[in-house]
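Read the structure below first, then the notes.
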Amino acid sequence: MAKAVVIVTVKEGILDPQARAIIHAMESLEFSDCRHLVSGKYFELDFPELDGDAALQKADEAARRILVNPNIESYTVKLKD
Amino acid sequence: MKIGIVVFPGSNCDHDSYWAVREVLGKKSSFIWHRDRELSSYDGLILPGGFSYGDYLRSGAIARFSPVMEEVRSFADSGKPVIGICNGFQILTESGLLPGALAPNDSLKFVCRSVQLRVESERRPWMSHYRRGEVLSMPIAHGEGRYVAEEDVIRQLEDEDRIAFRYCDSNGETSPESNPNGSLGNIAGILNERGNVLGMMPHPERVVEMLLGGVDGRGLFLSLMEAIA
């Protein structure tokens with residue numbers, strides 16, 4: 001069995017107003033040394049019947065077909081420890 | 001002549017569209033449940049606004065997998081008119097029938113008010129009752145309406161007369177102040193290559209009679225009627 005994790009973030013170059021709002025709030029909380037922040041979505045996909053490689057492949061396919069909109073988002077896929 | 005209005009779980013402008021087509025323009029119209037696949041009796045389709053599937057994941061991202069969408073694609077590919085309004089536009093971009101995407105508004109706020117639009121195209125079947133440069137007033141109501149696309153896509157849309165509307169001020173000037181959601185190039189609506197598929201964030205079906213506060217949306221429906229008459 002394997003669990004895969006898909007992390008989806010706003011693509012570089014695309015305005016992320018949520019990240020902008022968070023970083024403004026962080027500045028007022030004395031985290032002003034943080035200059036850049038990327039926000040995103042986290043998905044955990046459980047494949048009880050698959051081994052690691054197959055689970056990664058499936059998760060990647062799911063990312064491409066539904067979890068991610070490649071026009072505005074990028075993603076990474078990895079196995080959950 | 002019969003216009004179909006596709007209803008997804010969470011659509012909420014379906015009845016407004018029905019009213020516009022049936023009661024105001026006096027044409028046949030009926031609802032198509034998202035599980036139906038039979039579209040052969042229709043001459044045009046409306047994908048109405050709303051919050052299909054609660055906007056889960058991304059607006060329009062789940063509705064694009066509804067059974068009816070395969071048929072909507074064939075319908076559009078055959079050259080018949082399809083319009084996606086607000087959530088309908090989001091569904092059309094998610095399904096790849098129109099390029100680009102609709103990202104959360106730059107203000108992060110749900111914006112619900114009337115805006116000015118500049119007509120950018122006079123193409124059939126949707127735009128022939130408008131004149132290029134004409135300024136219209138239509139309501140918007142969305143949280144995810146910021147049109148985003150790669151630079152070369154925007155250029156292609158401009159070169160191919162595929163921008164339908166831009167947000168503008170009352171003089172027809174586009175500016176950051178008249179842009180309600182941060183859309184690239186103030187883009188409010190776009191066409192596919194053939195011009196038969198239109199996606200737009202503003203709501204033309206809400207301005208089809210004076211009782212509703214305006215008639216600037218009528219042109220779209222009149223253009224459609226003329227094209228399929």
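Everything quoted here is computed from the prediction, not taken from an experiment. Residue numbering restarts at 1 for every chain, and letters A, B, ... go by the order of the sequence lines.
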**OP:** Please say whether more than 12 non-hydrogen atoms of neighbouring residues, nucleotides or ligands are located less than 6.0 Å from CZ in A:F31.
**Re:** no
**OP:** Locate the shortest heavy-atom distance separating A:P17 from B:P104; write the atom from each residue and the value.
**Re:** CG-O, 4.2 Å
Please tabulate, one pair per line, the donor and acceptor atoms of chain B and chain A that lie under 3.5 Å from each other, or say none if there are none.
from  : atom 1 : to     : atom 2 : distance (Å)
A:K11 : NZ     : B:E150 : OE2    : 3.0
A:L15 : O      : B:R146 : NH1    : 3.1
A:L15 : O      : B:R146 : NH2    : 3.1
A:R20 : NH2    : B:D106 : O      : 2.7
A:K41 : NZ     : B:L57  : O      : 2.5
A:R65 : O      : B:R64  : NH1    : 3.3
A:I66 : O      : B:R58  : NH1    : 3.2
A:I66 : O      : B:R58  : NH2    : 2.9
A:L67 : O      : B:R58  : NH1    : 2.8
A:N69 : ND2    : B:E94  : OE2    : 3.1
A:N71 : ND2    : B:G100 : O      : 3.3

**OP:** Under the side chain to side chain contact (heavy atoms under 4.5 Å, CB included) rule, collect the residues that match up with A:L45, sequence neighbours excluded.
**Re:** A:V6, A:F43, A:F47, A:A59, A:A62, A:L67
Subject >> Residue pair B:L57 / A:I66: nearest heavy atoms and the distance that separates them >> reply: CD2-O, 3.3 Å
